[in-house]
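Structure record follows, encoded as structure tokens.
Not measured: the values here are computed from a predicted model. For ligands, and for the atoms within them, numbers begin at 1 and follow the listed sequence.
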Amino acid sequence: MTVSEARATFDDTKPHFDVLCSENTCVYSIVSALHFERLLRMDVAEVDTLEDTGWYKQLNALVPAMSFALDSSQRNSKSALMSTRQTKEGGEDETARTEQLAQFEKKHFGVSPPLALCVADTDRVHEYVFEAARIPEVRGASALLERLNETEIACNVFIEQFSAPEQWIIYRGGGSLLAIVPASLQKSFQDAIEEYYPKRTLTATITVVTGPVPLKEICTNLGNWVDKFSYYLDIRKRQKLNVPHFQMLPYVEQCQLCGIRPAYKHYSSEETDVSEKLFVCDACLRKRQAWDKPEVTEWLKKYLNEHDSLKELYTQGVDIDKITWCNDLSEIGRTSNGYIAMIYGDGDDIGKVRKQLNSLKGFSEFAEGLKETTRHIVFHNLATYTNRVPFSQRRRDGSTHYHPFETITLGGDDLCIIVPAQGAMEIAAGMMREFAQAAKTEPRIQKPLQRLKHQHWGMSVGALICPDHFPIYYIYELVQELLKSAKQRMRKAVWKEPDASESYINFLILKGSAIPRTAIKDLTKDLYEIHSYSMPEEKQFLTERPYPFSKFEKLLQYARRLRQEGLLPTQLHAIARALYEEREQATFDLMMRLQRMPQACAHVFRELFFDETFLPGNQRYLFPWRQDADNQNKFSTVLLDVFELMEFLHHL
Ligand SMILES: [Zn+2]
């Protein structure tokens, strides 16, 4: 039997499986893949003929064992964790059932496993997305990748090319994919998926790793296998030799959008009101054509329709269908005096949680829970802290307002958004808080976490506020660095104290139009490190970033209160300037200024002064400085950070 004949036969028998596994999609994925594999192997006479009615009977008999293994592996591993003695009954039962799976596999397929795991991940996503400097291409590129990941691979590769059921894909999102495929077809699936990306986008690629895995391992030990495959995936990514490349000859005109590839077509946008005619390359054209990102507008619409008060707050009475996307970053910056913010969040230790998910069901549920949580926290905070902005010019497509944000990546465990600077820090804090809360409120996340003792759960964040004319790729690079340092600090904290650990945030506010060319670490040193001339061994830092979430949230509160109490910009600048003096002089200056300050403001400072979060009780005499616990010569203060945050608070 050839592959296409196997497909046809498989199509005929599909209804049988639909009835057999109507309750459980995970069982369906495995049973249907097993059947497909059997059809294929009959061709090479590895298995007996199709007429053997025993096969369906056997398959029927296997379903209860499989459902049990798939659903109960979580419960059993939990009891196994609690006590090894407790597993007597459940353990024996489970052993019997996994044995049943192994026997079935051996009987019908011999020694080579019938099923293969297929793990895929998009390569260098952000290089592809931020290749062009303008927002419509960036948005289009991110929309294209999302579409490929969420729908096209399933529809065009799984269903159309292989007439395989969609259920073989266990999860997809955030550029990754996990699927179960018949072992004989693993290479074909690998090639088909890897070919599909460049075919659709010309320049984006994906790496796929496949390999046979025994049936009982898929049902009871999936997490470890996926972890192993992810490792192979990493190696294969590094070994990749063929990347799409376009020859640029000297007399060929460059694409006006990316400046990398030869241009081939004139393009003028009807929809986006960018009136100029552009000479562009095919890859950029494809991005441009996906500029409207309907998926995200649909999710946003759905979210707002489910949350009436937020919808009212966000749309302020404007018909939601009249709100579209903006044309460039300056439109986002327009609402914040020309400043924008990029926020990059990444779930901490998600791999570790995923590793101990043993069953298919657990896997797909966790992935779904995570995806929904990410979307929820993003839309909730965007709707709370931003609202639609009217266009300054009339648009041809009839829309009157635009969303003052961009969602670059949104899915899986990481997210990258661009928002107006005003309120950006509240958005970042809100997302961190809500992501951490998901461990208690989202059952699909709560369940696997309960089984891990001392597992830290949260999202680390890097956030950059800068003028809206900064090149987007540069903004992204800086944010990556900020996130990296936040993650490092988080890991250190988790290592020191696994129970009390929380996520960290690092932020940077760049003002002025010059684009700094140094790494974040050097930049922070330049901006916030003071050298003492009288005491050369002493080091003074005017910042304590990255902050753990609880501290960051408190800083925001102090910043808000100072603003509410009407701390004048002149006073603020005077104190900030004083902090750049040597430590003792700075303290003296600050005390003097506090004396002259209105009571209410001075009161907030006093509270900050008595706040154990920032100054341990025995160090109060050092106010506003805190002496480092490990280094006696290191002094730092959070005051300047409070002042910096004040400027970009949301106007609530
Ligand atoms: Zn181009």
Side-chain angles (χ1 to χ4, degrees), residues 121-149 152-153 156 175 194-207 237 240-296 324-332 340 342 396-397 406-410 416-418 468-480 515:
D121 188 54
T122 318
D123 304 325
R124 295 170 292 125
V125 173
H126 293 102
E127 252 172 67
Y128 173 74
V129 171
F130 293 120
E131 188 185 60
R134 297 155 77 143
I135 274 296
E137 287 79 55
V138 170
R139 186 188 308 124
S142 118
L144 263 180
L145 288 187
E146 214 150 79
R147 210 170 293 160
L148 284 167
N149 185 224
E152 289 196 16
I153 288 295
N156 301 359
E194 285 195 344
E195 274 164 24
Y196 192 79
Y197 269 64
K199 205 162 79 192
R200 273 293 270 124
T201 62
L202 296 178
T203 48
T205 54
I206 188 166
T207 308
K237 270 182 190 259
K240 226 168 197 177
L241 292 176
N242 299 328
V243 282
H245 174 71
F246 295 83
Q247 198 70 37
M248 194 71 207
L249 298 168
Y251 49 83
V252 171
E253 207 171 316
Q254 276 179 350
C255 164
Q256 284 175 300
L257 289 172
C258 64
I260 304 170
R261 293 174 289 271
Y264 100 117
K265 204 172 179 179
H266 283 285
Y267 173 76
S268 68
S269 163
E270 286 296 314
E271 308 89 349
T272 56
D273 272 22
V274 180
S275 47
E276 86 266 57
K277 230 182 181 165
L278 294 166
F279 197 37
V280 300
C281 73
D282 200 5
C284 288
L285 185 65
R286 288 175 194 211
K287 291 179 183 176
R288 209 6 104 108
Q289 280 161 345
W291 76 277
D292 59 339
K293 215 176 184 179
E295 296 86 352
V296 175
T324 183
W325 296 106
C326 59
N327 290 326
D328 58 62
L329 286 183
S330 68
E331 280 182 331
I332 297 181
I340 55 159
M342 187 187 269
R396 270 174 268 172
D397 62 2
E406 279 301 327
T407 56
I408 309 291
T409 38
L410 187 60
C416 177
I417 55 175
I418 300 175
D468 56 17
H469 65 261
F470 274 26
I472 191 159
Y473 193 80
Y474 176 74
I475 299 176
Y476 168 72
E477 297 259 290
L478 285 180
V479 172
Q480 280 286 304
I515 298 172

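By the side chain to side chain contact (heavy atoms under 4.5 Å, CB included) test, Q289 pairs with L285, sequence neighbours left out. Here Q480 pairs with Y344, Y476 under the side chain to side chain contact (heavy atoms under 4.5 Å, CB included) rule; sequence neighbours left out. By the side chain to side chain contact (heavy atoms under 4.5 Å, CB included) test, F279 is found to be paired with E253, Q256, A263, H266, residues two or more places apart in sequence or in another chain being considered.
Residues I418 and I472 are in side-chain contact: their nearest non-hydrogen atoms beyond the backbone lie under 4.5 Å apart. Side-chain contact between T205 and K240 is present, with heavy atoms from C-beta onward closer than 4.5 Å.
S330 and D468 are not linked by any side-chain donor-acceptor pair at a separation below 3.5 angstrom, with hydrogens and angles left out of the test.
Distances under 2.8 Å from the Zn ion (ligand 1) pick out the protein N/O/S atoms C255 SG, C258 SG, C281 SG, C284 SG.
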